[in-house]
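Along the sequence shown, the residues carry numbers beginning at 1. All values reported here derive from a predicted model rather than from experimental measurement. Computation of the quantities below employed the complete heavy-atom set of this structure, encompassing side-chain atoms and omitting hydrogens, waters and symmetry-equivalent molecules.
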Amino acid sequence: MLTRSRSLLTVLIIIAVIALIWLGHTFLEGEKPDIQITPPLKTIGKTTRTSITVTDRKSGLRSVTVVLKDGAKEHELRSLTFPAKGHIEEKISLEIKPRELGFKDGKAVLEITATDFSIRNNSRTVSLDVTIDTIPPRIYPLWSANYINVGGAGVTRYRLSEDNIRTGVEVNGTRYRGYRTIIDNQPAYVCYFACPILSGREQLKIGIVAEDEGGNRSFVPLSYIIKSKEFRKSVISIDQKFLDQIISEFQERFDAIANVDPVRAFMYINETLRADTDKIISSICRNSSSKKLWEGTFLRMKNGAPMALFGDSRTYVFSGRAIGTSDHLGIDLASTENAAVEAANSGIIAYADYLGIYGNAVIVDHGLGLFSLYGHLSSIQVQKGQSVSKGEIIGRTGMTGFAGGDHLHYSILVEPTFVNPTEWWDPHWIEDNVTGSVTPS
Ligand SMILES: [Zn+2]
């Protein structure tokens with residue numbers, strides 16, 4: 001009897017201990033809830049969205065409150081209570097409009113408090129010092145040319161009322177970055193941008209944008225006289241020899257077309273590979289030096305006869321059938337075979353390798369978003385990251401990539417957009433549109 005009641009007691013004690021551990025674990029635990037704010041919030045603008053994640057892994061959340069307050073005012077942005085234990089995580093999305101809530105611009109505190117279901121009532125309060133700033137940055141345009149060529153580039157200079165902001169020029173929704181500079185001993189911004197090749201009926205909306213830390217945004221339209229340009233249309237007949245020559249190089253490099261018939265391989269190269277190449281170029285040309293590295297007019301290859309122009313609209317015909325189209329976004333210059341290719345202006349080598357349809361290619365970063373590209377090279381004589389000066393030999397012409405014969409494909413880009421290189425060969429255009437003096441306004 002005695003041993004039986006003893007063993008029963010032991011079992012009861014074990015059960016009691018387990019129950020206590022469980023109770024202690026869930027109700028007596030001393031771990032405070034965790035509070036995370038993403039992205040980190042420093043400034044609250046006219047309308048600011050933020051996301052707060054509150055977690056309590058042990059007993060779960062009991063309540064969460066979010067309060068915005070300054071010396072004069074307090075406003076509860078969110079108050080949540082959870083009826084039962086076990087609510088581990090809560091994601092709170094907030095849209096804060098401080099002016100509508102009666103707050104004035106200035107310093108404030110965003111206070112988030114969370115408690116859990118532990119008997120110990122663990123509670124954590126995060127008090128975040130924020131600045132309420134509902135005034136959008138002011139933009140003061142200083143200088144812009146009064147016309148822009150379709151397919152060409154433009155430059156504008158301006159000042160802003162605030163610092164540390166995202167700014168640039170927007171052209172039909174494409175954003176070009178503005179860079180800090182000094183004009184008349186005062187901070188200012190310069191931005192290079194591009195006018196797309198327009199069909200003629202499209203509207204062109206160009207303007208300076210500035211967005212501060214609070215997300216307040218300003219837009220000042222820039223008015224330009226748009227000089228339209230007729231681009232050439234051409235039909236390129238492809239024979240079997242040319243087709244085989246073009247595709248053989250790519251079939252060796254790209255498995256997707258290794259065993260595909262020549263016409264389908266050509267279509268893949270002209271469409272998929274061309275688009276992939278453009279994407280790579282876009283990402284390279286989004287990272288430019290914040291300093292102007294170029295000076296004066298850009299060099300044009302010596303004795304280079306123009307074979308194809310910027311904006312040429314091409315249709316490729318094989319056996320009487322159109323098998324593709326493309327827009328030629330550079331100028332083809334042909335000289336002797338393996339002719340020396342010079343850097344058109346000073347800069348830093350942003351790319352020096354095989355580059356899809358352009359074969360062996362070099363991209364030079366001239367700073368402030370301006371780049372030059374040299375394609376179809378037979379050899380490359382520079383390395384990525386290296387500085388080059390105007391006229392320095394960077395490689396030799398060839399026919400690598402999508403090329404029918406030995407020539408240089410020469411392009412100029414403003415960030416991701418190909419622009420007409422002829423503008424940059426013209427000292428008058430550069431003077432009128434890029435380096436023109438700033439007259440105080
Ligand atoms: Zn070309």
- Are there more than 12 heavy atoms of other residues, nucleotides or ligands under 6.0 Å from atom CD of Glu230? no
- Note on the structure: side chain to side chain donor-acceptor pair (under 3.5 Å) test vs Lys69 passes for just one of His75, Glu74, Glu111, namely Glu111
- Message: Taking Gln203's backbone N and O only, do any of them form a donor-acceptor pair with Asn172's side chain (distance below 3.5 Å, no angle check)?
- Response: yes
- Message: Tell me the closest heavy-atom pair linking Asp184 and Arg159, and the distance in Å.
- Response: CB-NH2, 4.2 Å
- Message: Check whether Thr43 reaches the backbone of Gly214 with its side chain - one donor and one acceptor, N or O, closer than 3.5 Å.
- Response: no
- Item | Tyr374 and Ser372 side chains, donor-acceptor separation under 3.5 Å | yes
- Task: Say whether, by atom type as modelled, one donor and one acceptor occur between the side chain of Ser319 and the main chain of Arg321 under 3.5 angstrom.
- Result: no
- Query: Do the two ring centres, one from Phe250 and one from Phe266, sit under 6.0 Å apart?
  - Reply: no
- Message: For a side-chain contact (heavy atoms from CB on, under 4.5 Å) check, start with the C-alpha distance between Asp332 and Leu408, then their side-chain angles and the critical distance, and finish with the verdict.
- Response: CA-CA 6 Å; Asp332 288 347; Leu408 170 70; over 6 Å; no
- Taking atom CG of Asp261 as the centre, report whether more than 12 heavy atoms of other residues, nucleotides or ligands fall under 6.0 Å from it. yes
- Item | Residue pair Glu213 / Glu162, side-chain heavy-atom distance below 4.5 Å | no
- Message: Is the ring pair Trp294/Trp424 parallel, tilted or perpendicular, if the boundaries are 30 and 60 degrees?
- Response: perpendicular
- Query: Do we see a donor-acceptor contact under 3.5 Å between the side chains of Ser378 and Asn338?
  - Reply: yes
- Is the side chain of Thr156 donor-acceptor paired with the backbone N or O of Trp143 at a distance under 3.5 Å, no angle test? yes
- Check whether any side-chain N or O of Ser379 sits under 3.5 Å from a backbone N or O of Gly395 as a donor-acceptor pair, and report yes or no. no
- Any pair with a residue in residues 272-282 that passes side chain to side chain donor-acceptor pair (under 3.5 Å), sequence neighbours left out, goes on the list, sorted by first then second residue, please. Asn270-Arg274
- Message: With no hydrogens and no angle check, just 3.5 Å: does a side-chain donor-acceptor pair link Tyr176 and Thr417?
- Response: yes
- Across all chains, not counting sequence neighbours, the side-chain contact (heavy atoms from CB on, under 4.5 Å) partners of Thr50 are Ile37, Leu41, Leu94, Ile96
- Query: Are Ser335 and Thr397 close enough that some pair of their side-chain heavy atoms sits under 4.5 Å apart?
  - Reply: no
- Query: CE of Met399: more than 12 outside heavy atoms within 6.0 angstrom?
  - Reply: yes
- Quick one: does Asn360's side chain get under 4.5 Å of Asp353's, heavy atoms only? no
- Query: Given Thr400 and Tyr354, is the side chain to side chain donor-acceptor pair (under 3.5 Å) satisfied, shown in steps?
  - Reply: CA-CA 9 Å; Thr400 54; Tyr354 197 82; over 6 Å; no
- So which heavy atom on Ala403 is nearest to which on His407, and how close? CB-CE1, 3.8 Å
- Message: When you measure from the side chain of Arg177 to the backbone of Ser290, do you find a donor-acceptor pair of N or O atoms at a distance under 3.5 Å?
- Response: no
- Identified side-chain contact (heavy atoms from CB on, under 4.5 Å) counterpart of Gln251 within the set Asn259, Ile257, Asp244: Ile257
- Message: Within 45 degrees of the ring normal and closer than 6.0 Å to the centroid, is that where the cationic atom of Lys205 sits relative to Phe219?
- Response: yes
- Within a radius of less than 6.0 Å around NZ of Lys91, do more than 12 heavy atoms belonging to other residues, nucleotides or ligands occur? no
- Task: Go through Tyr410 and Phe298 one step at a time and tell me if the ring-ring contact (aromatic ring centres under 6.0 Å, His included) criterion holds.
- Result: CA-CA 11 Å; Tyr410 175 69; Phe298 281 61; 7.7 Å; no
- Mark yes when over 12 heavy atoms from residues, nucleotides or ligands other than Arg264 sit less than 6.0 Å from its CZ; otherwise mark no. no
- Task: Decide side-chain contact (heavy atoms from CB on, under 4.5 Å) for Ile349 and Gln383; before the verdict, give the C-alpha distance in whole Å, the side-chain angles of both, and the deciding distance to 0.1 Å.
- Result: CA-CA 7 Å; Ile349 304 297; Gln383 281 179 345; over 6 Å; no
- Just checking, is any N or O donor in the side chain of Asn149 or Glu423 under 3.5 Å from an acceptor N or O on the other one? yes
- Charged N to carboxylate O below 4.0 Å: is that the case for Glu415 and Arg175? no
- Message: If we ignore hydrogens and angles and just use 3.5 Å, is the side chain of Asn216 paired with the main-chain N or O of Pro136 as donor and acceptor?
- Response: no
- Item | Audit row: Leu77, Leu110, side-chain contact (heavy atoms from CB on, under 4.5 Å) steps and yes/no | CA-CA 9 Å; Leu77 297 169; Leu110 187 74; 3.6 Å; yes
- Query: Is a side-chain N or O of Lys302 found less than 3.5 angstrom from the main chain of Glu342, in a donor-acceptor match?
  - Reply: no
- Message: If you define the side chain from C-beta out and look only at heavy atoms, does anything of Val64 sit under 4.5 Å from Arg78?
- Response: no
- Task: Specify the closest pair of heavy atoms between Gly151 and Phe310, including all atoms of both residues, with the distance to one decimal.
- Result: O-CE2, 3.6 Å
- Nearest heavy-atom neighbours spanning Leu368 and Ser288: N-OG, 3.4 Å
- Heavy-atom side-chain proximity of Pro306 to Arg300 below 4.5 angstrom: yes
- Are Thr131 and Asp133 close enough that a side-chain donor and a side-chain acceptor fall under 3.5 Å? no
- Any side-chain heavy-atom pair from Val190 and Tyr192 closer than 4.5 angstrom? yes
- Query: Is a side-chain donor or acceptor of Arg99 paired with a backbone partner of Thr134 at a separation under 3.5 angstrom?
  - Reply: yes
- Query: Should Ser161 and Pro137 count as side-chain neighbours, where that means a heavy-atom distance under 4.5 Å?
  - Reply: yes
- Task: Determine whether more than 12 heavy atoms belonging to other residues, nucleotides or ligands lie under 6.0 Å from atom CD of Glu337.
- Result: no
- Query: Shortest non-hydrogen contact from Asp432 to Ala145?
  - Reply: O-CB, 3.7 Å
- Message: Can you tell me how far apart CD (Glu89) and OG1 (Thr55) are? Round to the nearest 0.5 Å.
- Response: 6.0 Å
- Closest non-hydrogen contact found for Ile197 with Gly311 is CD1-CA, 4.3 Å
- Message: So does Leu293 get a backbone contact from the side chain of His366, meaning a donor-acceptor N/O pair under 3.5 Å?
- Response: no
- Message: Run Ser346 and Ser389 through side chain to side chain donor-acceptor pair (under 3.5 Å) and show every step you take.
- Response: CA-CA 4 Å; Ser346 304; Ser389 40; 5.5 Å; no
- Heavy-atom side-chain proximity of Cys195 to Leu204 below 4.5 angstrom: yes
- Item | Worked verdict on Tyr189 versus Arg180 for side-chain contact (heavy atoms from CB on, under 4.5 Å) | CA-CA 4 Å; Tyr189 288 83; Arg180 291 180 67 165; 3.4 Å; yes
- Would you say Lys32 has more than 12 foreign heavy atoms packed within less than 6.0 Å of its NZ? no
